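Before any comments, here is the structure.
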Protein chains: 2
Amino acid sequence: MDELDSAIVRELQQDARQTNRSLAQKLGVAPSTCLERVRLLHRRGVVRGYHADIDPAALNRPVEAFVSVQLRPPSRQVIEGFKAAMFALPEVLAVYVVAGEQDFLVHVSVPSLDTLHSFLIDRLTQRREVTSFRSQIIYDSARKHVVAPLD
Amino acid sequence: MDELDSAIVRELQQDARQTNRSLAQKLGVAPSTCLERVRLLHRRGVVRGYHADIDPAALNRPVEAFVSVQLRPPSRQVIEGFKAAMFALPEVLAVYVVAGEQDFLVHVSVPSLDTLHSFLIDRLTQRREVTSFRSQIIYDSARKHVVAPLD
DNA sequence: AAGCCGTGGCGAATAGTGTTCGGAACCAGC
DNA sequence: GCTGGTTCCGAACACTATTCGCCACGGCTT
């Protein structure tokens, strides 16, 4: 993970579809060298994949929210089961198992507030391991696509 | 946004680097057709970009957390200023302006618990608009890369 | 110091790919 | 049935990915 690798990672985070040639040119190395580095980053698991970023509105999902959930009991089995169940739901974008008063943070995106309400009462209230939950509508958000190494 | 567009969006979310030819073959259309559709999705803003997914551990950021922050006063100016200030910090992955008791949810990733602590006391406690905050360490997470349209 | 060897980068060659563009097919509306 | 618009197609061409033999460099041993 030298300077060249970091630069490749940075560039591919910014634009994963740029050609290997332009990438090589930007970094001042031969295309063949660049290609080999990219493949190594893949094999080492540094690069986990390439994904298109899609506007949620185009997918009819303009409303986003975080739902904090508390479970009982917070055993491995309950946690794993709940995590898998949430992740399988189409409304769910991401699932986070966290420390603190709440055990879970579930990131959801839905077509409307009605849909969100339905999600809460049909998919959460239903489950017996859920003791309480609280939802936070997302008014505005900003996510980074390029993350630099720290230290 | 017909069936073909949806299929393209699905495929490009899964693998943004696949060739236009293989994409066209999977969907049963000519490469030229496929290319034109992809460009249109771009121009319409449906596809916002293509990004490599990088292992946080490789960037020396194995510890992740959500920090909920409450601001005073929750005016537009304070919110916008805080949002911009957080987003500019290298530790921050994403910023969410939310409804509820807390006003902000800040997703951070750092090299260690020490670094997280430093972040909290140096970057948050410092700011006078921050009245309180609470951090939730992320034990485990799962994020979807392919999101389907709802309804 | 000389020789050896592993590593990593390079560049030419080839197979494969993106991109363009003229034409064909389809569908409304009149 | 004609017209205008839209969409898709496929061949052609420029460009790109990928391979592979070669070379330079740096660390070892002798």
Side-chain angles (χ1 to χ4, degrees), chain A residues 1-62 111 145-151, chain B residues 1-62 111 145-151:
Chain A
M1 201 63 192
D2 60 2
E3 189 49 49
L4 183 55
D5 284 332
S6 294
I8 290 174
V9 164
R10 176 167 21 88
E11 283 296 326
L12 288 182
Q13 282 183 97
Q14 207 145 49
D15 178 8
R17 287 211 95 173
Q18 63 186 300
T19 66
N20 183 57
R21 278 177 123 88
S22 75
L23 183 58
Q25 195 169 9
K26 278 181 200 169
L27 309 185
V29 295
S32 51
T33 303
C34 195
L35 188 68
E36 187 55 29
R37 288 298 194 111
V38 171
R39 276 203 279 235
L40 274 174
L41 287 169
H42 235 126
R43 212 166 308 147
R44 280 196 275 149
V46 173
V47 174
R48 299 194 289 200
Y50 306 98
H51 307 284
D53 176 34
I54 305 298
D55 180 6
L59 299 173
N60 192 28
R61 295 157 163 273
H145 296 290
V146 181
V147 179
L150 284 184
D151 270 9
Chain B
M1 203 62 194
D2 60 1
E3 188 49 49
L4 182 55
D5 284 332
S6 293
I8 290 174
V9 163
R10 176 166 22 87
E11 283 295 327
L12 288 182
Q13 282 182 97
Q14 207 144 47
D15 178 9
R17 287 210 97 175
Q18 63 185 300
T19 66
N20 181 56
R21 281 175 126 90
S22 76
L23 183 57
Q25 195 169 9
K26 276 182 201 169
L27 309 184
V29 295
S32 52
T33 303
C34 195
L35 187 68
E36 188 54 30
R37 288 299 193 110
V38 171
R39 276 203 279 234
L40 273 175
L41 288 169
H42 235 127
R43 213 166 310 148
R44 279 196 275 149
V46 173
V47 174
R48 299 195 289 199
Y50 306 98
H51 307 284
D53 176 33
I54 305 298
D55 180 6
L59 299 174
N60 192 29
R61 294 158 163 273
H145 296 292
V146 181
V147 180
L150 283 185
D151 270 9

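Predicted, not measured: the structure shown is a model, and the values here were computed from it. In what follows, chains are A, B, ... by sequence order, proteins preceding strands, each numbered from 1.
When the C1' atom of dT18(D) is taken as reference, atom CZ of Arg39(A) falls 6 Å away, rounded to whole Å. When rounded to the nearest whole Å, the span between CD of Glu36(B) and C1' of dT7(D) equals 10 Å. Remark: P of dT18(D) and CZ of Arg37(A) are 17 Å apart, rounded to the nearest angstrom.
Formation of a donor-acceptor pair under 3.5 Å by the Arg10(B) side chain with backbone atoms of Val146(B) is not found in this model. With hydrogens and angles disregarded, a donor-acceptor distance shorter than 3.5 Å links the side chain of Asn20(A) to the backbone of Pro31(A). For the pair Asn60(B) (side chain) and Leu150(A) (backbone), a donor-acceptor distance under 3.5 Å is present. Distance alone, capped at 3.5 Å, is enough to place a donor-acceptor pair between the Arg61(A) side chain and the Ala148(B) backbone.
For residues 4-27 of chain B, proximity to DNA chain C is found at Thr19(B), Asn20(B), Arg21(B), defined as any non-hydrogen atom under 4.0 angstrom from a strand atom.
Side-chain atoms of Asp55(B) and Arg44(A), non-hydrogen and from C-beta on, never get closer than 4.5 Å to each other. Looking only at side-chain heavy atoms (C-beta outward), Val9(A) and Leu59(B) come within less than 4.5 Å of each other. Contact of the Leu12(B) side chain with the Arg17(A) side chain is registered, since non-hydrogen atoms from C-beta on lie closer than 4.5 Å. When side chains are defined from C-beta on, Leu23(A) does not count as touching Arg37(A), because their heavy atoms never get closer than 4.5 Å.
Note on Ser32(A): every side-chain N or O is 4.0 Å or more away from OP1 and OP2 of dT18(D).
In this structure, Asp15(B) does not pair ionically with Lys26(B), as no charged nitrogen and carboxylate oxygen lie closer than 4.0 Å.
Protein chain B touches strand DNA chain C; the 5'-most and 3'-most nucleotides with an atom under 4.0 angstrom of its non-hydrogen atoms are dT17(C) to dT20(C).
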| task | Summarise how protein sits on nucleotides 22-27 of chain D as a single string, 5' to 3': B when a protein heavy atom is under 4.0 Å from the base, S for sugar-phosphate-only contact, - for no contact. | result | ------

